[in-house]
Every structure is written in C-alpha cells, then in structure tokens.
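Structure first, then comments.
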Amino acid sequence: MEKILVTGAAGYLGSTICTQLLQRGYKVTGVDNLFFKKDTLFHLKENKNFEFFNLDVRENQLYKDLIPKTDVVIPLAGIVGAPLCEKYYDLAYEINEKSVEKITKSLSKHQIIILPTTNSGYGTTDKNIICDETMDLNPISHYGKTKVNAEKYVMENENAISLRLATVFGVSYRNRIDLLVNFFVYNAVKFKKIKLFEPHFRRNYIHVKDVAYTFVHCLTNFDKMKSNIYNVGLSEANLTKLQLCESIKNFLPDFEIQIDKEGKDPDKRDYFVSNEKLEKTEWKPKYSLKVGISELVSFYKNLDEKDFDKNY
Ligand SMILES: NC(=O)c1ccc[n+]([C@@H]2O[C@H](COP(=O)([O-])OP(=O)(O)OC[C@H]3O[C@@H](n4cnc5c(N)ncnc54)[C@H](O)[C@@H]3O)[C@@H](O)[C@H]2O)c1
C-alpha cells in the first residue's frame, strides 16, 4: 500500500488528504482537471513523492497508464453539493457516478478503493433515531443519489471501504464556503448576521484534517476495516443548526441569528449520526468543532477578499 492515486486532488478534501498522505510517507499521484481554475497543490510540487496530472477522470490515460501503477485509489473528483449538481446535472451523473463505476471495474483484485460519500443520504429521520450504517438510505437531491449509487458500485469490490462523511468544516488549500460551518462563520465574521432556515434541523460535523486522518487510518488498518461502510463524524458534534450558530456566537458575541421561515435544504438533512462503528476501530479525531470554529474565525478575519475562492 505504497502508491496512492487521488482523483479530485486539487479540491477541498483532496488538497488536505494529499498533504497528509505525503507527510505519512506515501507516494501520491494527484489527478484533477482544475475545474475551479486554481492550482491548490502548489505547496506539494517540490515533493519527490508527489506527481500531478492535469487530467479529466473520463480520459483514457487514467485507466491505461495511472490506475494500473497504483495500489490504492481514492476517488474524490466530483461535482460536489446539491446546487452545483443541479447546475451541471449530466456532468454530475458522469463524474460522481459513472466514472466511479468505471474506476471500480478497472481495478485488479489486489487494488484498494476508499470512497468518500455523504451522510446526507440518511435524509430526514425520526427524532429518536440515531443513524447507523445499517439504515436504509433515502437520498433526495441529484447529488445525494449519484453518491449513493457510487457507493453501491464501490462496495461490490471486496477491497473497498466507503466513508459516509458528516458535514466537513475547517480551512483547506481550496476553500469552500458552501459548507455549513464554514458558511456560518464566514457570515458571522463578514456580516455579523445570518438568516437561518430550518434552525432545528440536526446535523453532524467533522474537521477536514480529521477526514484526511480517516483515510490514513483506513490504510493502516485496512485488513480489519475492508468491505465495510463507516459514518465519519464527531460524536460530540450532533447539533442542530441553531446550536451550531450559538457555538459560533460564543466566539463572536455580536453575531445576530435571524430565523428565516422560507429557506429549505434541498437534501432535507435532519438526522443525528452514530459514529460508533468507526470509533470501535480505535479511530480518534483530533479537532473539535470549537477548534475548527476558532480557526475559521481567524482565517476569515485575516483573509483578503481577492484571495477568496467563491466558486462553489
Ligand atoms: N466536503 C464535504 O463536506 C464532503 C462530504 C462528503 C463527501 N464529499 C466527497 O468528497 C469528494 C471531494 O469533495 P470536495 O469537498 O473536496 O469538493 P471539491 O469541489 O473541492 O473537489 C472536487 C475536485 O474534483 C475536481 N474535478 C471535478 N470534475 C473533474 C473531472 N471530470 N476530472 C478530474 N477532476 C475533476 C475539481 O477540479 C475539484 O478539485 C467528492 O466526491 C464529495 O462528494 C465531500
């Protein structure tokens, strides 16, 4: 398990995951078509264990030259989030679902695949239910459906793990403000207010660096963990959106929370999640929600608007 191929390497998760994999001594091949026109992997270019291909995951070179030379594939390339998937509807299907199917089918039985997917597939659940990995999925948005289908293809392989990620937060090399925590903190810093819809909808959260650590954890414990699906989130951070805003207000007391009765989440995400299955593998996240909020407050205070990537 030396050589890791990461597609979507220049993205929010990819740029942090590639960085951590290299720090742990893996050889990393990054593939990305730079959909957002930004090279967020500049800091890795001098690393002799890193190579980068500006390549679309639909191109043959991936299947002919790169996949056969790797031990592990982490397919992150995608059109990410419900709004973007509505905007690029067909492309989302091709990249999020069909290309993951094609990658999975091209693997030999010795190669490994670890897929990140979203826990938004749990949809809206009863208040007394804590979602674990055995529950039926009910994705609502096109994004959610493409991810759930991709997971089905991947899990047909024995050497596979699927990670159902909670809402990711924190600073990465490509920054996304469409993610709930990042978006709320950005609004708290820049505008000192937020219009909050569905304030009692419940969500679970995880720091981007802990997501990267989770991939390393899967690689180092692969034999024990393979052929399984895991929720990935902070058990201490099963919070409603209103509770999340109140946590941010602890850092920024003049943050005004206005309730908006009109807005709706296209994924209807309202659930608490159990991360017990992953915790039983001795997985220990390092970054609390408080630490992430504190980092984001500093980041948005210090960030020059012109350097801010608003593409999402
Ligand atoms: N960030 C989250 O909260 C979250 C949660 C659950 C799952 N995920 C999954 O993790 C993966 C990465 O998400 P992210 O947050 O880093 O998103 P992102 O938009 O930052 O990264 C996606 C990357 O894929 C690249 N890409 C898009 N189309 C491509 C193509 N045809 N060929 C090659 N590269 C292409 C983009 O240039 C971009 O760098 C996605 O599969 C997403 O569904 C993310």
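When reading the values below, keep in mind they use all heavy atoms of this one structure, side chains included, and skip hydrogens, waters and symmetry mates.
- Heavy atoms from other residues, nucleotides or ligands lying under 6.0 Å from NZ of Lys190 number more than 12.
- Applying the side-chain hydrogen bond (donor to acceptor under 3.5 Å, both in side chains) criterion to Thr117, with sequence neighbours excluded, gives no partner residue.
- In Lys261, the NZ atom is not crowded: 12 or fewer heavy atoms of neighbouring residues, nucleotides or ligands sit closer than 6.0 Å.
- None of Asn231, Asp270, Asp136 except one satisfies the side-chain hydrogen bond (donor to acceptor under 3.5 Å, both in side chains) rule with Tyr122; the exception is Asn231.
- Seen from the ring of Tyr230, Lys277 counts as a face-on cation partner, given the 6.0 Å and 45° thresholds.
- Judged purely by atom type and a 3.5 angstrom limit, Asn49 has no side-chain atom pairing as donor or acceptor with the backbone of Leu22.
- No side-chain heavy atom of Lys27 sits less than 4.5 Å from a side-chain heavy atom of Ile4.
- By the 6.0 Å and 45° rule, Arg202 does not stack over the aromatic ring of Tyr271.
- Judged by a 6.0 Å distance limit and a 45° cone about the ring axis, Lys241 is positioned over the six-membered ring of Phe197.
- With hydrogens and angles left out, the side-chain atoms of Thr146 and Asn96 include a donor and acceptor closer than 3.5 Å.
- Aromatic ring pairs are classed by plane angle as parallel below 30°, tilted from 30° to 60° and perpendicular above 60°; the pair Tyr213 and Trp283 is parallel.
- With no hydrogens or angles considered, no side-chain donor-acceptor pair links Ser227 and Glu158 at under 3.5 Å.
- Val232 and Met135 are not part of a single hydrophobic cluster, where members link through side-chain heavy atoms under 4.5 Å apart.
- Within a 6.0 Å radius of CD in Glu276, no more than 12 heavy atoms belonging to other residues, nucleotides or ligands are found.
- A donor-acceptor pair is defined here as one N or O able to donate and one able to accept, closer than 3.5 Å; such a pair exists between the side chain of Thr7 and the backbone of Ala77.
- Of the N and O atoms on the side chains of Asn204 and Asn238, at least one donor lies less than 3.5 Å from an acceptor on the other residue.
- Counted by atom type alone, His207 and Glu295 present one or more donor-acceptor pairs between their side chains at under 3.5 Å.
- Between the side chains of Thr167 and Arg203, at least one donor-acceptor pair of N or O atoms lies under 3.5 Å.
- By the 6.0 Å contact criterion, CD on Glu46 is open, its count of non-hydrogen atoms from other residues, nucleotides or ligands being 12 or less.
- Judged by distance alone, the side chains of Ser172 and Thr16 do bring a donor and an acceptor atom under 3.5 Å apart.
- Identified under the ring pair (Phe, Tyr, Trp, His ring centres under 6.0 Å) test for residues 50-90, with sequence neighbours left out: Phe35-Tyr88, Tyr89-His142.
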